[in-house]
Amino acid sequence: MSSETRFDPASADARWQKAWEGAQTFRADSNSPRPKCFVLEMFPYPSGRIHIGHVRNYTMGDVLARYKRMTGHEVLHPMGWDAFGMPAENAAMEQGVHPGGWTRANIEHMKAQLKRLGFALDWSRELATCEPDYYGHEQALFLDMYAAGLVYRKESEVNWDPVDMTVLANEQVIDGKGWRSGAEVEKRKLNQWFLRITDFAEDLLEGLGTLDHWPDKVRLMQENWIGKSRGLEFSFDLSNGETLPVYTTRPDTIFGASFVAVAPDHPVAQGVAAQNCDAARFIELCKKGGTTAAELETAEKLGFDTGIGARHPFTGAYLPLYIANFVLMDYGTGAIMAVPGHDQRDFEFATRYGLPIPRVVAASLEDADKPFAGEAEAGDGVIVNSGFITGMSVEDAKREVIARIEGEGRGEGKTVWRLRDWGVSRQRYWGTPIPFIHCAGCGVVPAPKSSLPITLPEDVDFQTPGNPLLRHPTWKHVECPKCGAKAERETDTLDTFVDSSWYFLRFASQPADRPFDPEEVARWLPVEQYIGGIEHAILHLLYARFWTRALARMGQIEVKEPFASLFTQGMVTHETYSRRAGEREVFFSPEEVTRTGDGARLEADGSPVTIGRVIKMSKSKKNVVDPDTIIDRFGADAVRWFMLSDSPPERDLPWSEAGIEGCSRFVHRLWRLFGAHDAAAQGEDRPLERKAHQTVAAVAQDIEALGFNKAVARIYELTGAVEKARPSASRSAAIRTLVQLVAPMMPHLAEEAWAAMGQPGMIANAPWPAVDPALLVEDEVTIAVQHMGKLRDTLTAPRGAAKEDLEALALASENLQRSLAGAAVRKVIVVPDRLVNIVT
RNA sequence: GCCCCUGUGGCGGAAUUGGUAGACGCGCUCGACUCAAAAUCGAGUUUCCUACGAAGUGCCGGUUCGAAUCCGGCCAGGGGUACCA
């Protein structure tokens with residue numbers, strides 16, 4: 001092979017992609033005797049085009065998949081499409097296209113884009129959740145869950161657009177208004193389908209302890225989300241003769257309660273409203289706005305004094321009972337005892353309505369009457385001003401109050417979860433139809449499994465807001481499976497998170513007659529490495545864990561946790577370019593802009609634009625880079641290399657033009673070096689061999705830990721060392737090693753070089769280079785010489801030198817002696833093979 | 001609001017997990033090659049300095065012989081917040 005030939009990505013990429021496809025190189029064989037390894041990246045939503053974030057995600061998975069193949073594993077590395085969801089319906093409304101046609105065209109386009117990147121994917125297992133051969137099985141699983149008692153219906157609130165007469169997603173509520181109509185959004189109750197994820201709260205919490213290869217932050221976030229708390233449920237006697245159960249996690253602060261509050265939709269509030277139109281008007285007011293926690297928690301704290309008194313169980317005093325907008329019906333009992341001194345929300349409320357703010361926790365008994373510094377104190381301390389618990393610690397007081405209340409038969413200690421059941425009903429077309437039938441006589445009846453898949457009708461209209469399934473002239477009209485009378489199908493569809501809660505099982509096996517083959521699931525699951533965005537840390541990952549545990553409890557599979565290792569990758573970011581045009585800010589894409597020193601100009605007319613912050617690439621800010629364009633310019637390998645370089649994979653990666661150009665230069669630099677390979681070269685180069693073996697070992701470690709940026713740095717170092725070395729057999733071996741090292745990252749270049757060197761077969765099937773452990777350790781080390789922890793000198797010593805020898809060597813250093821300046825040595829700290837620190 | 005994360009040269013980052021801060025890459029500067037440019041190759045590149053050294057990992061404080069790393073308190077940016085996926 002000649003170094004004169006330039007590496008041509010355009011032809012090499014296509015040639016090798018065809019060769020892999022022809023040989024079915026990446027098809028996973030369930031019957032292989034090799035150890036199985038399931039590498040999975042979160043499947044994409046087919047929005048239209050592959051996003052650079054996808055490229056980063058799938059490149060990481062691909063490097064691991066290819067590396068695992070090289071180390072003797074049978075790898076399952078599949079790809080599919082999370083194909084149901086809102087954007088398809090939005091496209092239907094805006095462009096008059098059909099959601100199905102739009103989605104399938106997007107899949108077609110994005111699949112071609114992915115193929116250009118040379119990913120080692122088993123395309124024979126491709127799936128799309130919007131196809132009946134996927135969602136029909138999902139309907140069957142939903143019926144199984146219903147039979148197992150994990151599905152039920154209840155009323156729950158949605159965002160309601162009173163002008164468009166339609167349910168809005170949280171994303172579609174902007175500043176409390178509907179995104180299309182601009183109407184003030186209201187909360188409205190609907191009867192909806194729920195999954196009993198709370199039945200698994202304890203299991204899901206405990207299971208976190210077994211997930212050793214998950215990031216701590218994700219486990220912590222899930223733990224907080226599940227939110228197990230031990231508290232007290234007890235009842236207030238009300239002045240109107242009723243009793244009101246409340247729940248609190250701080251029974252120790254019970255003497256600090258200065259009012260009691262119920263949620264606006266609490267029965268007590270409803271009862272008051274029935275007789276008091278001011279109360280009714282207040283509850284109406286609380287209905288304004290959306291349903292999100294962030295909105296509820298940051299809204300101004302508002303209340304309505306019912307005039308009812310609630311009798312304190314210990315002091316006998318009557319506390320005012322309010323209806324308050326910040327009390328949630330979904331948590332605890334929908335009613336609280338409010339302790340303004342030690343809960344910030346209660347503090348704000350009490351301040352607004354002039355209610356007392358007693359102190360019942362303080363740093364010490366002496367501080368019992370210390371005033372508050374403008375905010376509640378939620379921290380630990382000693383109980384004060386609290387009758388029989390005064391002087392106790394917070395924990396002791398909790399126990400004591402629970403015991404006393406239980407003894408008096410007024411309530412009981414109770415474990416409460418923050419986790420709520422999973423509402424899966426969506427009043428939308430483009431999702432999995434929920435397989436139930438409503439019959440006037442028989443009630444809610446499950447659709448017979450023989451009727452699955454219940455497919456979506458094709459002839460639907462999106463010009464009117466609301467659910468097209470509900471409006472469809474014929475689709476919902478069916479016979480009741482029980483009594484044969486005229487009945488109606490359920491017109492809600494399933495949350496798309498359901499689709500992504502079991503797709504990994506379908507990847508492992510794809511029988512036509514059932515959702516999965518349990519034996520194949522046992523072979524491939526759990527997923528050895530799951531990779532995706534941190535934005536899925538809670539919802540998707542918790543739902544997938546729940547679904548897996550539910551199927552295990554139902555006896556359908558053995559595995560309890562779907563993902564053995566999880567890696568959450570950062571986003572790809574880019575600076576924004578914009579200009580003010582009156583009220584609005586207009587954004588420009590990087591392609592429309594030229595950077596000039598410290599500014600930027602429009603290419604079209606040279607007018608200046610403002611360079612904004614580096615943020616996540618998004619269509620609305622136009623700071624996106626199209627993968628196709630850069631693959632055209634630099635080839636797949638340079639793009640892949642850039643995705644792995646520099647930024648640690650868990651952190652954000654700022655896209656830069658200069659960065660990708662540097663990567664492209666490195667591809668060609670490697671090609672030139674590979675061209676210098678001489679199979680007949682003679683002679684040994686021990687230091688280079690050492691470097692090569694050390695690099696192989698370190699890169700392997702880095703890839704297994706997904707520390708791709710570090711692997712890249714080491715490959716740069718070895719490349720430099722090989723370039724500088726004189727020709728020898730060792731150097732030729734190092735060049736072959738280098739080809740193997742970059743094979744998972746730059747597969748096209750590696751195949752091309754492998755073939756040119758006359759190596760047998762494709763490098764995709766070659767093994768990872770072997771390491772000679774004897775070459776990994778250096779026999780000399782550099783020792784730091786410090787005085788009071790400050791570096792004064794370095795010296796070279798044999799590895800494993802005795803402490804005394806190192807101390808003597810250090811004390812002989814002139815630089816050290818100058819720093820000591822005759823001071824008496826009080827102590828010498830020697831860390832073998834690392835440093836000597838003299839303390840004076 | 002609440003939960004979680006991040007912060008190191010001009011830029012992306014490394015640092016054997018408490019032990020020589022700035023590996024490696026980008027950019028920039030100088031040089032070689034060239035009629036010239038590109039490409040390529042070589043050297044340099046934290047700041048200050050009276051050239052001995054000193055300071056330095058968002059800010060303030062603490063623990064330690066020794067702190068980017070541990071602890072406490074702030075600041076800034078990001079992710080999630082249950083109907084975006």
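Below, read A as the first sequence line, B as the second, and so on, with proteins coming before strands; counting in each chain starts at 1.
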Which is true for A:Arg418 with a 4.0 Å heavy-atom rule: it touches a base, it touches only sugar-phosphate, or it touches nothing?
base

Reference residue A:Thr568; test side chain to side chain contact (heavy atoms under 4.5 Å, CB included); the match among A:Glu535, A:Lys217, A:His536
A:Lys217

Charged N-O contact under 4.0 Å between A:Glu297 and A:Arg345
yes

Please identify which of these residues, A:Tyr134, A:Tyr543, A:Phe546, meets the ring pair (Phe, Tyr, Trp, His ring centres under 6.0 Å) condition with A:Trp502.
A:Tyr134

Base B:C65 to side chain A:Gln786, donor-acceptor N/O within 3.5 Å cut-off
no

Give A:Val167 one of three labels, base, sugar-phosphate or nothing, depending on what nucleic acid heavy atoms sit under 4.0 Å from its own.
base

Determine the contact category for A:Arg665: base if any of its heavy atoms lies under 4.0 Å from a base atom, sugar-phosphate if only primed atoms, P, OP1 or OP2 are that close, otherwise nothing.
sugar-phosphate

Touch class at under 4.0 angstrom, heavy-atom based, for A:Gly423 against every strand present:
sugar-phosphate

Select base, sugar-phosphate, or nothing to describe what A:Ser647 touches, counting heavy atoms under 4.0 Å on all strands.
sugar-phosphate

Counting the atoms with a prime plus P, OP1 and OP2 as sugar-phosphate, which does A:His536 contact under 4.0 Å by heavy atoms, base, sugar-phosphate, or nothing?
base

Whole angstrom value for the distance that separates C1' of B:G13 from CZ of A:Arg651:
7 Å

Length of the line joining A:Arg818:CZ and B:A54:P, which is rounded to integer Å:
11 Å

Any stems for RNA chain B, made of 3 or more Watson-Crick or G-U pairs in a row, each with both distances under 3.5 Å?
B:1-7 with B:75-81, B:10-12 with B:24-26, B:27-32 with B:40-45, B:46-48 with B:53-55, B:58-62 with B:70-74

Is the distance between the ring centroids of A:Trp422 and A:Phe194 under 6.0 Å?
no

Walk me through whether A:Trp214 and A:Tyr530 qualify under side-chain hydrogen bond (donor to acceptor under 3.5 Å, both in side chains).
CA-CA 10 Å; A:Trp214 278 41; A:Tyr530 195 35; over 6 Å; no

At under 4.0 Å between heavy atoms, what does A:Asn837 touch on the DNA or RNA strands: base, sugar-phosphate, or nothing?
base

Have a look at A:Ser500 and say if it touches a base, only the backbone sugar-phosphate, or nothing, with a 4.0 Å heavy-atom cut-off.
nothing

Answer yes or no: side-chain N or O of A:Arg669 and base N or O of B:U40 forming a donor-acceptor pair under 3.5 Å.
no

Measure from CH2 on A:Trp417 to P on B:A82 and round the result to the nearest Å.
21 Å

Hey, does A:Glu717 reach any base, or is it just sugar-phosphate, or nothing, if we go heavy atoms under 4.0 Å?
sugar-phosphate

Sugar-phosphate only, base, or nothing, as touched by A:Glu348 at under 4.0 Å among non-hydrogen atoms
nothing

Near A:Met165 CE, under 6.0 Å, is it more than 12 heavy atoms from other residues, nucleotides or ligands?
no

Under 4.0 Å, counting only non-hydrogen atoms across every strand here, what does A:Leu419 touch: a base, just sugar-phosphate, or nothing?
base

Sugar-phosphate only, base, or nothing, as touched by A:Val828 at under 4.0 Å among non-hydrogen atoms:
nothing

Report which part of the nucleic acid A:Leu835 touches: base, sugar-phosphate, or nothing (heavy-atom distance under 4.0 Å, all strands).
base

Categorize A:Pro44 for me: base, sugar-phosphate, or nothing, with a 4.0 angstrom heavy-atom threshold over every strand shown.
nothing

Matching residue for A:Phe43 among A:Phe504, A:Tyr503, A:Trp81 - test: ring pair (Phe, Tyr, Trp, His ring centres under 6.0 Å):
A:Tyr503

Would you mind telling me which residue lines up with the more 5' stretch of RNA chain B, A:Val218 or A:Val831, judged by nearest nucleotide?
A:Val218

Kindly point out which of B:A82, B:U20, B:C83 is positioned nearest to the side chain of A:Ala784?
B:U20

Tell me if the side-chain of A:Gln192 makes a donor-acceptor pair with the base of B:C83, cut-off 3.5 Å, by modelled atom types.
yes

